[in-house]
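One structure below.
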Amino acid sequence: MNWHRLVGLLPLLALIGCVGSCSKNKPTLNLLVWEGYADPSFIQTFEEQNHCKVSASYMGSSDELVAKLRGGSAGNYDVISPSSDVATSIATSGLAAPLDLAKIPSYGQLSTQLTSLPLVRANGQVFGVPFMWGPDPIIYDTTVFAQPPDTWNVMWDPKYKGKVSVWDDLSTVYMAAQVLGYDKPDPSQLYNLSDEQLEAVKKKLLELKPNIRKMWSTGGELTNLFESHEVVIAMGWPLNTADLKKTNFPVGETIPRENTTGWIDHLMITAGSENKELAQKFLAYMIEAKTQKLVADKTQYVPANPKAAQLMTPDEVKTLHLDDVDRYQKRLYFWQNVSRRAKYTEIWNDVKAAQ
């Protein structure tokens, strides 16, 4: 081939080579997270800044997450968002990678109430960053309830037969334990129930079965149950309330007089991730005040970075209780590590299997 012609072709050959390999070189960050945590409104900016693709799978429960990590899928995911009832076991069992906090500039801005908890610390290392937190509230149809229901007991009322939904998750066990008063005087007892207490919880939940239309496993499923008027009351997430409001559904949300359980979601990097550097950048981005504000817009959960409040309207600050965090948190019994998780799961499976 004529040398001059070859020189002229070089840029074209380089371009052809790049089409083949540059797109392949665009790294993909795989997430296994709760619904609402990978919305384009904030993910797209990260993808553009880091020339990467973020691919998200959603989990329906903490147990599903742990089962996937233990079942050998850990290498399929880079970033996970465990809640406070399983974050500790993930941190201590080698399923997550320790973080280099020097590479997460906004870490110091996070609420010290959250970062000081021992949930994601093990062997002198930190394995996760607090991300969002919130309650497991009562969600209800305001055309059926003129006043907000002020007790969990309303879910057992025979007039709501076939009109109630609960989450297919151990948090429903915690809720029934609250109704039975096992959180007095120490709320952490909800996560350390004795065999006798668990039997009483099972009996209480079996009494609820006739009222349950369906147990929801994803947030979208519960939203649909309300929209199709199959249910009028449920234990749900603030995300459901936000999604229903967007469709102008007459929805209300409340924390009853017994208070409720709540959760702190953390972002962690899996031990098996092959993209740890990029994952670390993702964690740093997700806890910046600007991103936290966008996540709160989507989910109505409370950001772990209090500086997000500076980017909100006074109404938004009030709705998220950022003007009154201490008093609000007293009404939430944050999920803790459940050391007898297998026993709780057995009780919950018995309830589900009962006809």
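Closest non-hydrogen pair, T254 versus P149, comes out as CG2-O, 3.4 Å. Among all heavy-atom pairs drawn from A122 and A91, the shortest one is CB-O, 4.1 Å.
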query = Do F226 and N240 pass the side chain to side chain contact (heavy atoms under 4.5 Å, CB included) test, and can you show the C-alpha distance, the side-chain angles, and the key distance before you say yes or no?
reply = CA-CA 9 Å; F226 273 104; N240 303 123; 6.0 Å; no
request  = Would you please test R340 and D195 for side chain to side chain contact (heavy atoms under 4.5 Å, CB included) and show each step?
outcome  = CA-CA 10 Å; R340 303 176 69 223; D195 284 356; 2.3 Å; yes
inquiry  = Using the rule given for side chain to side chain contact (heavy atoms under 4.5 Å, CB included), can you reason through I80 versus I90, listing the C-alpha separation, both sets of side-chain angles and the distance that settles it, and then say yes or no?
reply    = CA-CA 10 Å; I80 52 175; I90 290 172; 4.1 Å; yes
inquiry  = Run R341 and E346 through side chain to side chain contact (heavy atoms under 4.5 Å, CB included) and show every step you take.
reply    = CA-CA 9 Å; R341 198 170 185 88; E346 184 189 312; over 6 Å; no
task = Assess whether side-chain hydrogen bond (donor to acceptor under 3.5 Å, both in side chains) is satisfied between N305 and Q109, documenting all intermediate values.
result = CA-CA 6 Å; N305 187 337; Q109 294 177 2; 2.9 Å; yes
key: Test side-chain hydrogen bond (donor to acceptor under 3.5 Å, both in side chains) applied to N275 and S273, step by step   = CA-CA 5 Å; N275 290 309; S273 166; 5.2 Å; no
key: Verdict with reasoning, Q197 to Q189, per side-chain hydrogen bond (donor to acceptor under 3.5 Å, both in side chains)   = CA-CA 10 Å; Q197 288 172 326; Q189 184 58 28; 2.9 Å; yes
task = Report the C-alpha distance between S62 and D85 in whole Å, list the side-chain angles of each, state the deciding distance to 0.1 Å, and finish with yes or no for side-chain hydrogen bond (donor to acceptor under 3.5 Å, both in side chains).
result = CA-CA 8 Å; S62 293; D85 55 343; 3.2 Å; yes
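The closest donor-acceptor contact from the side chain of D157 to the backbone of N153 lies at 3.5 Å or more, if one exists at all. Not a single donor-acceptor pair under 3.5 Å links the side chain of T260 to the backbone N or O of L332. Put simply, the side chain of Y140 never gets that close to the backbone of A146: no donor and acceptor are under 3.5 Å apart. Although no hydrogens or angles enter the test, the distance criterion places a donor-acceptor pair under 3.5 Å between the side chain of E35 and the main chain of G219. Distance alone, capped at 3.5 Å, places no donor-acceptor pair between the K202 side chain and the V173 backbone. At distances below 3.5 Å, at least one donor-acceptor pair connects side-chain atoms of R331 with backbone N or O atoms of I255. Panel note: side chain T291, backbone Y285; a donor-acceptor pair is recorded below 3.5 Å. Distance alone, capped at 3.5 Å, is enough to place a donor-acceptor pair between the R121 side chain and the T115 backbone. Checking side-chain atoms of Q44 against main-chain N and O of S41 turns up no donor-acceptor pair under 3.5 Å. Looking at N211, its side chain does come within 3.5 Å of a backbone N or O of M155 through a donor-acceptor pair.
Ring orientation note: the planes of W167 and W34 are nearly perpendicular, at an angle over 60° on the 30°/60° scale. Using the six-membered ring where Trp is involved, Y160 and F145 have ring planes that are tilted, between 30° and 60° apart.
Heavy-atom contacts from other residues, nucleotides or ligands closer than 6.0 Å to CD of E207 number more than 12. In K352, the NZ atom is crowded: over 12 heavy atoms of neighbouring residues, nucleotides or ligands sit closer than 6.0 Å.
With rounding to the nearest 0.5 angstrom, the OH atom of Y344 is 8.5 Å from the CG atom of L170. Rounding to the nearest 0.5 angstrom, the gap separating the CG atom in L117 from the OG1 atom in T88 is 9.5 Å. Note: I287 CD1 to M132 CE = 12.0 Å, rounded to the nearest 0.5 Å. Taking NZ of K293 as the start and CD of E288 as the end, the distance is 15.5 Å to the nearest 0.5 Å. Separating the CZ atom in F42 from the NZ atom in K298 is a distance of 8.0 Å, to the nearest 0.5 Å.
Not less than 6.0 angstrom separates the ring centroid of W335 from the ring centroid of Y191. Ring to ring, W263 and Y301 are close: their centroids are under 6.0 angstrom apart. Annotation: F249 is in aromatic contact with H229 [ring centroid separation under 6.0 Å].
Using a 4.0 Å cut-off between charged nitrogen and carboxylate oxygen, E230 and K163 do not count as a salt-bridge pair. The residues K276 and D78 are annotated as not salt-bridged, no charged nitrogen and carboxylate oxygen being separated by less than 4.0 angstrom. By the 4.0 Å N-to-carboxylate-O rule, D324 lies too far from K318 to be salt-bridged with it. A salt bridge links E64 to K68: one of the charged nitrogens lies within less than 4.0 Å of a carboxylate oxygen. For D326 and K330, the salt-bridge test fails: no basic side-chain N is under 4.0 Å from an acidic carboxylate O. E199 has no carboxylate O lying under 4.0 Å from a charged side-chain N of K203, or vice versa, which leaves the two without a salt bridge.
Inter-residue side-chain proximity for M286 and S81 is flagged as unmet; no heavy-atom pair is nearer than 4.5 Å. Looking at heavy atoms from C-beta onward, M235 lies in side-chain contact with S171 at the 4.5 angstrom threshold. The side-chain heavy atoms of W156 and K204, taken from C-beta on, include a pair separated by under 4.5 Å. Using a 4.5 Å cut-off on side-chain heavy atoms (C-beta onward), L31 and Y58 make no contact. Contact check for V317 versus T313: no side-chain heavy atoms found under the 4.5 Å cut-off. For the pair P40/I43, no side-chain contact is recorded, criterion being any heavy-atom separation below 4.5 Å from C-beta on. Side-chain contact between Y107 and L283 is absent, with no heavy-atom pair separated by less than 4.5 Å.
Under the 3.5 Å distance criterion, with hydrogens and angles disregarded, no donor-acceptor pair is assigned to the side chains of Q49 and T45. T143 and D141 share a side-chain donor-acceptor pair at under 3.5 Å. Remark: the D265 side chain and the S83 side chain contain an N/O donor-acceptor pair separated by less than 3.5 Å. No side-chain donor from either of Q300 and T319 sits under 3.5 Å from a side-chain acceptor of the other.
Checked against K103 for a side chain to side chain contact (heavy atoms under 4.5 Å, CB included), the options L99, D100, L101 give a single hit: D100. W348 pairs with exactly one of T172, D169, D168 by the side chain to side chain donor-acceptor pair (under 3.5 Å) rule, that one being D168.
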